[in-house]
Asker: 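Sending over a structure as structure tokens; questions will come in a sec.
For the single chain, residues carry numbers from 1 onward in sequence order.
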Amino acid sequence: MPQHIRISQFVTTYGPGAIIEGPQGPRVIPRSDIGLFYLQNPENYEVSDQRMSEGLLGGARLFRLPSNAELGLPQNKYVYRTKPFPTWKRCLNISRHGGNFYVLYRSASCPLCKSEDRKKDRRNLEATRFIMACPKGHMDDVDWYRLAHGYESKCPHNVWFKWYGGGRSLSEIRIECPSCGSSKFDLGEAYGRKWPCSGRFPEKETPESPPTYYGCKEGARIIQRQASNLRIPELVTLFTIPPRHTRLHNLLQMRGIYYNIVGDIPSSKDKLERILSNLAAKNLIPLDVKDEILRCPWEEIQQAMQDILKPIMRSYHNLILEEFHALIEGSVNGIPPIRGPTPTSPVLIEINPHRVQRFTGINGTRFLVAPLSRLRTVIVQRGYRRAVDAETHPELVDVSFTDLEGKKWYPAVEFLGEGIFIMIEDFQVKGGMADRWMEAYNSPSSYPEHIFRDPQTKVELHPAFVWWHTFSHLLIRAISAESGYSSAAIRERVYLEVLEQGFRGGVVLYATQPGSEGTLGGLIALVPSFQHIIDVALEQLQTCSEDPLCRDQKFDIGAYNGAACYGCLLLSETSCEHRNMWLDRNVMLENLQ
């Protein structure tokens, strides 16, 4: 039986280079052109989003994983090929080994007791839980020969080894060569040192091919294959916002249609129909896409074509600010605007300005709270990092592949749902710990580039960003406690715009899921009673179960947090867009609003 992974999990959690636990042992997920599109065409599963594709990925295209139902396959049939990894196994059948040791091997069967990887023998076999990885993203089996023999041995035996021990400490585990009796390093000693890296990327190998070694000057570490720091995905998320905010815009952004109108916009509906009919006849677009576009009024189609041809912002920071401005505008005039014709094509983001409410903070500050009754997000996995070495910053490993036409493709998933936009029109954050955060904002050179969403701006270090990020976590915890929503089901998006005369910020808390309907309105139903949510959040700010230790934590240059711990602020990885960094209760306590 294959392991079932949700389509969204492939992007948010797994992806090429990840190890999954299958019924017959662990396997590595190959790159998508090797594991999935060796028979399929990625264009059949393209996700259209100009802002993501052109703004962040240099024109690369986005694909989603197809489901078994789409491919006409039974539910228990695999869709994506994987490769066994690691290949070394451990036979646990000590009573048949002639001694008190396990057998470590990688052949088809145990060389001593002949147990095979079959159902009746599987309980006696397990894949070794240790592998080797380096900060450049390489991953390989542990070099058990070197572990047993060291660097000077000339012993030719490398087929299997004796495994002694297995208690509570790694230092109790010894690997011994059955030929020469050498046992150079115990596993505890081996775990704490660097080893030569083979430069292997198992995700770039076909399931049938032998390992390919590229060589690497970086030292590798032994690590457990289920370790959370073995593969940290690098995700980027963008909202769909005006002017490209309807289903019609999404269809016109499809690659085949877009390229046919970008040079010469059709001057009539008849000309557009001829273009679409030609594309459908060549199977470049589905027939139902053509029909859906042509059902819209010509004036609406004309406006949508003009919208998708407008220039795209080219940095993450600018794209986020574009979202922020659209949400502020929508809170006043609505999305779609309340004045003007209502689009016939379904909208992908919706704000009714008549449902926007204002609530009061501790010092009389007015919080604007706007319900986003519809919201579309596109999440792309650009790559991953292997944070296996505290001494070296891990490199980003790109997970894209290039098709025969030279176009890059990245895995993506689109979600539909709802959200709540919260902002304060004017307020200042200053004094106390905010001043120390401001020092870091003005001189961020002590921070590694890869921890910032946008290395050019480093806006996360601004004290106002820390204020909003801390408030966002408090609100998520309050919603979870008061409404029954799981905190892991709510995600955040923090905004901060730094201007010469000051700054303004806000946050979106949202819940989305795959599918055509999205969520069911439970989150925006909290807006009328949001005063209570704010009160609970500000009350939670005052104390932490870890106080006074937590409250006494002071932010300083080189640190990522101030007063923040799992007792008061930290959330699950699915919720926090900034990996639980840039949080400080002290900044909020000294700047209560």
Side-chain angles (χ1 to χ4, degrees), residues 1-5 10 14-42 44-45 63 65-66 68 71-91 104-111 114-119 121-122 125-134 136-145 158-160 197-216 220 225 230-231 383-384 386 397-404 408-411:
M1 287 285 289
Q3 178 176 350
H4 293 283
I5 294 177
F10 180 81
Y14 297 101
I19 298 175
I20 58 173
E21 301 299 324
Q24 297 183 0
R27 307 178 75 87
V28 68
I29 299 178
R31 208 172 54 195
S32 300
D33 57 329
I34 299 171
L36 177 63
F37 295 123
Y38 62 102
L39 294 176
Q40 301 287 333
N41 185 348
N44 296 332
Y45 312 103
F63 72 89
L65 257 64
N68 286 54
L71 299 174
L73 298 174
Q75 199 62 26
N76 61 351
K77 175 68 174 176
Y78 73 87
V79 171
Y80 202 113
R81 298 189 302 173
T82 56
K83 184 181 181 77
F85 182 85
T87 54
W88 284 86
K89 299 181 278 275
R90 194 167 61 134
C91 181
L104 186 66
Y105 70 101
R106 58 178 170 184
S107 55
S109 62
C110 174
K114 305 304 178 184
S115 292
E116 297 181 3
D117 193 11
R118 297 179 303 186
K119 191 170 184 180
D121 292 330
R122 207 169 294 150
L125 303 176
E126 69 173 18
T128 174
R129 66 181 190 272
F130 300 104
I131 62 169
M132 298 186 81
C134 90
K136 289 186 180 292
H138 302 125
M139 186 170 68
D140 200 359
D141 282 283
V142 173
D143 190 346
W144 298 108
Y145 176 89
N158 62 358
V159 178
W160 67 275
C197 178
S198 66
R200 182 186 178 192
F201 283 110
E203 67 264 35
K204 296 181 181 180
E205 304 163 1
T206 64
E208 306 82 14
S209 66
T212 302
Y213 303 110
Y214 297 94
C216 176
R225 68 171 190 266
L230 177 61
R231 188 184 187 278
Y384 65 83
R386 301 205 189 279
V397 180
D398 196 303
V399 296
S400 68
F401 69 89
T402 303
D403 63 17
L404 296 177
K408 291 182 73 172
W409 291 82
Y410 283 93

Asker: With rounding to the nearest 0.5 Å, note down the distance linking CD1 in I19 to CG in L230.
Answerer: 5.5 Å

Asker: Working to the nearest 0.5 Å, report the span between CD of E203 and CZ of F401.
Answerer: 14.5 Å

Asker: Ion pair present between D141 and R106, side-chain N to carboxylate O less than 4.0 angstrom?
Answerer: no

Asker: Does D403 have any salt bridge (charged side-chain N to carboxylate O under 4.0 Å, His left out) partners at least two apart in sequence or in another chain, and if so, which?
Answerer: none

Asker: Using the ring pair (Phe, Tyr, Trp, His ring centres under 6.0 Å) criterion, which residues pair with Y384? Sequence neighbours excluded.
Answerer: none

Asker: Taking N68 for its side chain and P74 for its backbone only, find out whether a donor-acceptor pair lies under 3.5 Å.
Answerer: yes

Asker: With respect to L71, which candidate in N44, V79, L39 satisfies the side chain to side chain contact (heavy atoms under 4.5 Å, CB included) definition?
Answerer: V79

Asker: Could you tell me whether the side chain of R27 and the main chain of T82 form a donor-acceptor pair under 3.5 Å?
Answerer: yes

Asker: Distance from W160 atom CH2 to S107 atom OG, nearest 0.5 Å?
Answerer: 10.5 Å

Asker: Determine whether F201 and H138 make a side-chain contact, defined as any pair of heavy atoms from C-beta on separated by less than 4.5 Å.
Answerer: yes

Asker: With sequence neighbours excluded, tell me which residues meet ring pair (Phe, Tyr, Trp, His ring centres under 6.0 Å) with Y80.
Answerer: F10

Asker: Could you point out which residue of V28, I29, T206 forms a side chain to side chain contact (heavy atoms under 4.5 Å, CB included) with K83?
Answerer: V28

